[in-house]
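See structure below.
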Amino acid sequence: MVMSELKNISLAKSCNTNSDKNHFTGIPVIDLLRPWDAKNLIVKACQDYGFFKVINHGVSPWLVAELENEAIGFFNMSPSEKNKYCPPNPLGYGSNKIGPNGDIGWIEYLLLASNNFPTNSKTLSLLVKNYVEEVRKLGCEILELMADGLKIEPRSVLSRMLSDEKADTVFRLNHYPPDLDPILDSEGRGRNRIGFGEHTDPHLISIARSNTTSGFQICLADGTWVAVPPDESSFFVNVDDLLQVLTNGRFRSVKHRVVANRLKSRVSMIYFGGPPLMEKISPLDSLMEHGEESLYNEFTWFEYKSCMYKSRLSQDRLSLFLKPSQT
Ligand SMILES: C=C1C[C@]23C[C@@]1(O)CC[C@H]2[C@@]12CC[C@H](O)[C@@](C)(C(=O)O1)[C@H]2[C@@H]3C(=O)O
Ligand SMILES: O=C(O)CCC(=O)C(=O)O
Ligand SMILES: [Fe+2]
């Protein structure tokens, strides 16, 4: 990646871009070995933050470590080796550019999908396949606990979309190199560059794991940005746009971003769980109260995805599907 081209990568608008400062201590922690508590805590976390951390998740730490090592091996290859790999249109290897509409970040990444996650290495592809399968199961368990907590039936009403053989899964490996030469602001203070600009994830849920380097931040309901303390042994779960629609706005699709770290590389691996392309998305009947109106016009995941690829990272895509009475 040509870092000299990245001098102008934007600084965050709010002042809290230093990745190690103001670590937020209020992230909800869900212990999956306590399912009787977990269902209610998950619902509260999705309503309050659209975000929580999962411990005792059952995903093999060996698999996580192997995949991280293999990913580091990929990112350690020379730029010319990496650039031989197909550019992200939308899947492939990318650096600096995120998506097709001019967004940039202090990042390089591999975006993969389909069942065999083709890469330049059989080992990497196989590890991704096994990892995604384990994390997909974790996603189903979490969605079933959500249904229990929301008191809706069947408990597979959400998870069936991830278990479907046509489920639309994306997997992403991100590498944020250290930002050794941060930009100076007008007062001469060093400010970290943005690694991945603010956005919400479009799918149902995203399940992320990162190394011990800080940088990930979420936006609270009052608009404050807070830094999430890293935890390499846990998974972090985002409520995504489709889950906000399916719950008719009860759950918040969390706005988040990544700020580059001054000293350390950050490596993250994210599973994005989406439904089959033709799935129709509208608030769940079993959740709607008597007389409650849907906030959104019905759409298919295919329609939403098409609209997403036409939009910039920070665009509020869901607002395009709000009913006129809600705008
Ligand atoms: C700017 C873009 C990158 C993105 C596609 C989009 O046009 C808008 C949504 C972006 C996002 C955010 C979450 C995931 O990282 C991602 C893979 C996705 O599904 O939506 C990315 C897209 C991407 O990097 O291609
Ligand atoms: O790297 C991360 O931890 C988050 C990146 C992200 O938000 C994304 O890939 O959608
Ligand atoms: Fe994201």
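Both ligands and their constituent atoms are indexed starting at 1 by order of listing.
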Fill in the blank from the handout: CZ (R172) and CZ (F196) are apart, to the nearest 0.5 Å, by 4.0 Å

Practice task
For residues Y93 and F74, establish whether the separation of their ring centroids is below 6.0 Å.
Solution key: yes

Problem - Protein contact of atom 18 (C) of ligand 1 - nearest heavy atom, named by residue and atom, plus distance - result: M308 CE, 3.7 Å

Practice task
Scan side-chain atoms only and decide if D31 and N56 contain a donor-acceptor pair under the 3.5 Å cut-off.
Solution key: yes

Exercise for the section: Compute the shortest N/O to N/O distance between R317 and ligand 1 and return yes if it is under 3.5 Å, no if not. Expected result: no

Exercise for the section: Return yes when Y109 approaches ligand 2 closer than 4.0 angstrom through a heavy atom, no otherwise. Expected result: no

Completion exercise
The closest protein heavy-atom partner of atom 14 (C) of ligand 1 is F272 CZ, 3.4 Å

Handout entry: Top protein contact for atom 19 (O) of ligand 1, by heavy-atom distance
Key = H203 CE1, 3.1 Å

Exercise for the section: May I ask you to decide if the ring planes of F235 and H57 are parallel, tilted or perpendicular, using 30° and 60° as cut-offs? Expected result: perpendicular

Handout entry: Donor-acceptor contact below 3.5 Å, side chain H199 vs main chain K255
Key = no

Problem - ligand 1 contacted by K310 (non-hydrogen, < 4.0 Å) - result: no

Problem - atom 12 (C) of ligand 1: nearest protein contact (heavy atom, Å) - result: H199 CD2, 3.7 Å

Handout entry: Nearest-neighbour protein heavy atom for atom 10 (C) of ligand 1, which is reported as residue plus atom name and distance
Key = L313 CD1, 3.8 Å

Exercise for the section: Could you find the nearest protein heavy atom to atom 3 (C) of ligand 1 and give me its residue, atom name and distance? Expected result: G99 CA, 3.6 Å

Handout entry: Sub-4.0 Å heavy-atom contact, R257 with ligand 2
Key = no

Exercise for the section: Take every heavy atom of S311, measure it against each atom of ligand 1, and state whether any distance is under 4.0 Å. Expected result: yes

Exercise for the section: Identify the residue among L138, V54, V254 that makes a side-chain contact (heavy atoms from CB on, under 4.5 Å) with V237. Expected result: V54

Handout entry: Residues N192 and R262: side-chain donor-acceptor under 3.5 angstrom
Key = yes

Exercise for the section: For a side-chain contact (heavy atoms from CB on, under 4.5 Å) with Y296, tell me which candidate from L246, L322, I281 qualifies. Expected result: L322

Exercise for the section: Verify, without hydrogens or angle tests, whether Q244 (side chain) and S253 (backbone) share a donor-acceptor contact under 3.5 angstrom. Expected result: yes

Handout entry: Protein heavy-atom partner closest to atom 13 (C) of ligand 1 - residue, atom, separation in Å
Key = D201 OD1, 3.3 Å

Exercise for the section: Report the part of P202 (side chain from C-beta onward, or backbone N, CA, C, O) that has a heavy atom under 4.0 Å from ligand 1; answer both or neither where that applies. Expected result: side chain

Practice task
From atom 6 (C) of ligand 2, work out which of H199, R172, H203, H175 has a heavy atom at the shortest distance.
Solution key: H199

Practice task
Establish whether M146 and I207 are linked, either directly or via other cluster members, by ILVMFWY side-chain heavy-atom contacts under 4.5 Å.
Solution key: yes

Problem - Distance filter under 4.0 Å to D103 heavy atoms, resulting ligand 1 atoms - result: 1 (C)

Problem - F216 ring center near F236 ring center (under 6.0 Å) - result: no

Completion exercise
Among the N/O/S atoms of D201, the Fe ion (ligand 3) lies closest to OD1

Problem - Angular separation of NE2 (H199) and NE2 (H256) seen from the Fe ion (ligand 3), to 10° - result: 90°

Exercise for the section: Give the atoms of ligand 2, by number and element, whose distance to some non-hydrogen atom of H256 is under 4.0 Å. Expected result: 7 (O)

Exercise for the section: For atom 25 (O) of ligand 1, state which one of D241, L111, I98, V170 supplies the nearest heavy atom. Expected result: L111

Problem - For atom 22 (C) of ligand 1, closest protein heavy-atom neighbour - result: R172 NH1, 4.3 Å

Handout entry: Passing option when E144 is tested against K39, R155, R160 for salt bridge (charged side-chain N to carboxylate O under 4.0 Å, His left out)
Key = R155

Practice task
For K82 and F75, indicate whether the former's side chain and the latter's backbone hold a donor-acceptor pair under 3.5 Å.
Solution key: yes

Exercise for the section: Give a yes/no verdict on whether any heavy atom in F236 is under 4.0 Å from an atom of ligand 2. Expected result: no

